[in-house]
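Numbering of ligands and ligand atoms starts at 1, following listing order.
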Amino acid sequence: MSTAPLPIILDCDPGHDDAIAIVVAARHTEVLGITTVSGNAPLSATTRNAIIMRDLLGMSAPVHAGAEVPLVRPARHAAYVHGKSGMDGADLPEPSGPPASRDAVGFIIDTCRAQEGVWLVPTGPLTNIALALRSAPDLAARIAGISLMGGGTFGNSTAAAEFNILCDPEAADIVFSYGGPLIMAGLDLTHQFQAVPARVEMVRALPGHLAVVLADLLDFFSGTYRSRHHGIGGAAVHDPCAVMALTHPHLFQRKFAHVEVEIHGTRTAGMTVIDQRALREVPEPNCDWLTGIDADAGWQVIVDAITHFSH
Ligand code: RIB
Ligand code: CA
């Protein structure tokens with residue numbers, strides 16, 4: 001019996017890997033809307049990129065622009081990974097128009113109040129999600145859960161903090177303590193999922209213009225990754241893991257753990273503190289921490305999703 005696709009809101013900061021997450025979400029979920037946040041690039045750029053990806057896939061989902069800055073800290077971006085536009089490296093079309101609104105938070109609240117069981121899938125800084133949960137505490141019991149890309153057992157922006165969490169630790173603290181179902185695809189997982197050349201060639205070999213665009217994006221993304229990392233075969237394709245955790249759960253190993261976010265540390269702000277102690281007195285687990293992925297099978301999901309939109 002085929003189950004209906006899960007209804008989700010994808011909150012993102014495209015972003016090369018966000019773009020791949022949009023493809024997988026469009027293929028395997030019911031995307032009620034795409035909301036954008038400042039992160040990899042300023043909000044104007046991430047919103048433009050989300051609209052471009054929505055257009056390339058022929059999606060009907062609206063794009064709503066969200067937070068331009070984090071809750072309390074100044075905005076930070078990642079042009080050193082994604083380029084100034086946030087999606088450098090490919091010949092992209094102009095967006096078909098402006099976002100449906102500049103009130104992503106209102107869209108998230110209204111959508112989750114109108115329909116129970118929506119999954120929130122954030123793949124960028126958590127500012128929009130935190131603002132929605134803080135403005136509408138009833139959402140915590142109405143949504144199906146939150147499946148996010150962020151955090152992990154090591155950092156990429158500092159030794160302790162991953163970029164999405166470091167951009168807005170205060171927002172992440174609200175999200176990790178909201179009390180409902182929570183899935184974390186952190187760097188310890190996503191670095192197992194790399195766009196090595198052979199995998200990029202699987203995309204480039206597909207028919208149609210979309211495959212060329214995505215292969216070019218993946219080549220650019222892998223180029224900046226290889227220039228910055230020792231011993232990495234290609235870019236860690238982080239964000240689709242948060243989508244596949246819902247659509248293809250069998251691809252993952254996971255542990256149920258207690259995870260909190262450090263917001264005060266001079267050297268550790270933005271760290272996701274995962275309690276791995278084998279003690280009886282540890283705090284109640286609050287998070288499905290993804291610890292492993294069948295990377296070849298996961299990549300086939302991406303190739304099949306791109307094929308679906310390629311003609
Ligand atoms: O640290 C990786 C995360 O930060 C990914 O979501 C990437 O797109 C950036 O947002
Ligand atoms: Ca992202």
Side-chain angles (χ1 to χ4, degrees), residues 8-25 34-43 45-50 52-53 63 65-67 70 75-90 104 120-129 146-169 171-172 175 183-195 214 217-218 220-225 228-229 232 234-245 261 269-272 290 293 302:
I8 79 164
I9 294 173
L10 185 62
D11 186 73
C12 55
D13 62 337
H16 294 71
D17 51 328
D18 303 77
I20 303 297
I22 293 170
V23 178
V24 177
I34 299 173
T35 52
T36 57
V37 64
S38 165
N40 285 321
L43 179 68
T46 59
T47 303
R48 170 190 168 86
N49 294 335
I52 288 171
M53 282 309 300
V63 173
R76 64 173 63 221
H77 304 307
Y80 51 89
V81 176
H82 298 277
K84 192 166 176 300
S85 75
M87 272 181 26
D88 281 16
L120 302 182
V121 183
T123 62
L126 293 164
T127 315
N128 292 336
I129 307 300
I146 298 172
S147 180
L148 64 86
M149 190 280 141
T153 58
F154 56 87
N156 55 9
S157 295
T158 68
E162 177 277 327
F163 178 81
N164 288 339
I165 308 299
L166 183 63
C167 279
D168 200 340
V175 172
I183 302 170
M184 175 175 78
L187 294 178
D188 46 307
L189 175 85
T190 63
H191 275 232
Q192 300 173 45
F193 194 54
Q194 296 179 16
L214 295 176
L217 288 174
L218 288 166
F220 177 91
F221 191 31
S222 290
T224 58
Y225 251 78
R228 298 183 66 243
H229 289 75
I232 199 163
V237 190
H238 311 279
D239 294 339
C241 294
V243 179
M244 291 193 289
V261 178
M271 177 179 182
T272 49
L290 302 181
I293 182 173
I302 289 177

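- If you check which protein heavy atom lies closest to atom 6 (O) of ligand 1, you get D239 OD1, 2.6 Å.
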- [ ] Go through T127 and D168 one step at a time and tell me if the side chain to side chain donor-acceptor pair (under 3.5 Å) criterion holds.
- [x] CA-CA 7 Å; T127 315; D168 200 340; 2.6 Å; yes

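- When atom types are taken as modelled, the side chain of H77 and the backbone of G39 share a donor-acceptor pair closer than 3.5 angstrom.
- Within ligand 1, counting atoms from 1 as listed, the ones closer than 4.0 Å to a heavy atom of D17 are 5 (C), 6 (O), 7 (C), 8 (O).
- Under the 3.5 Å distance criterion, the side-chain polar atoms of S38 are left unmatched by any main-chain donor or acceptor of A67.
- The nearest N, O or S atom of D17 is not closer to the Ca ion (ligand 2) than 3.0 Å.
- Summary of contacts: the protein heavy atom closest to atom 9 (C) of ligand 1 is N40 OD1, 3.1 Å.
- Panel note: side chain D239, backbone A21; no donor-acceptor pair is recorded below 3.5 Å.
- Contacts between D18 and ligand 1 below 4.0 angstrom, taking non-hydrogen atoms only, involve the side chain exclusively.
- Side-chain atoms of L148 and M184, non-hydrogen and from C-beta on, do get closer than 4.5 Å to each other.
- Numbered from 1 in the order shown, with element, the atoms of ligand 1 that lie under 4.0 Å from a heavy atom of E162 read 1 (O), 2 (C), 3 (C), 4 (O).
- T36 pairs with exactly one of D13, T47, D18 by the side chain to side chain donor-acceptor pair (under 3.5 Å) rule, that one being T47.
- Counting just the N/O/S atoms of D239, the one with the shortest distance to the Ca ion (ligand 2) is named OD2.
- To the nearest 10 degrees, the angle centred on the Ca ion (ligand 2) between O in T123 and OD1 in D13 reads 90°.
- Between the side chain of S222 and the backbone N or O of A195, at least one donor-acceptor pair lies under 3.5 Å.
- Atoms of ligand 1 lying under 4.0 Å from any heavy atom of N164, numbered from 1 in the order shown and given with element: 3 (C), 4 (O), 5 (C), 6 (O), 9 (C), 10 (O).
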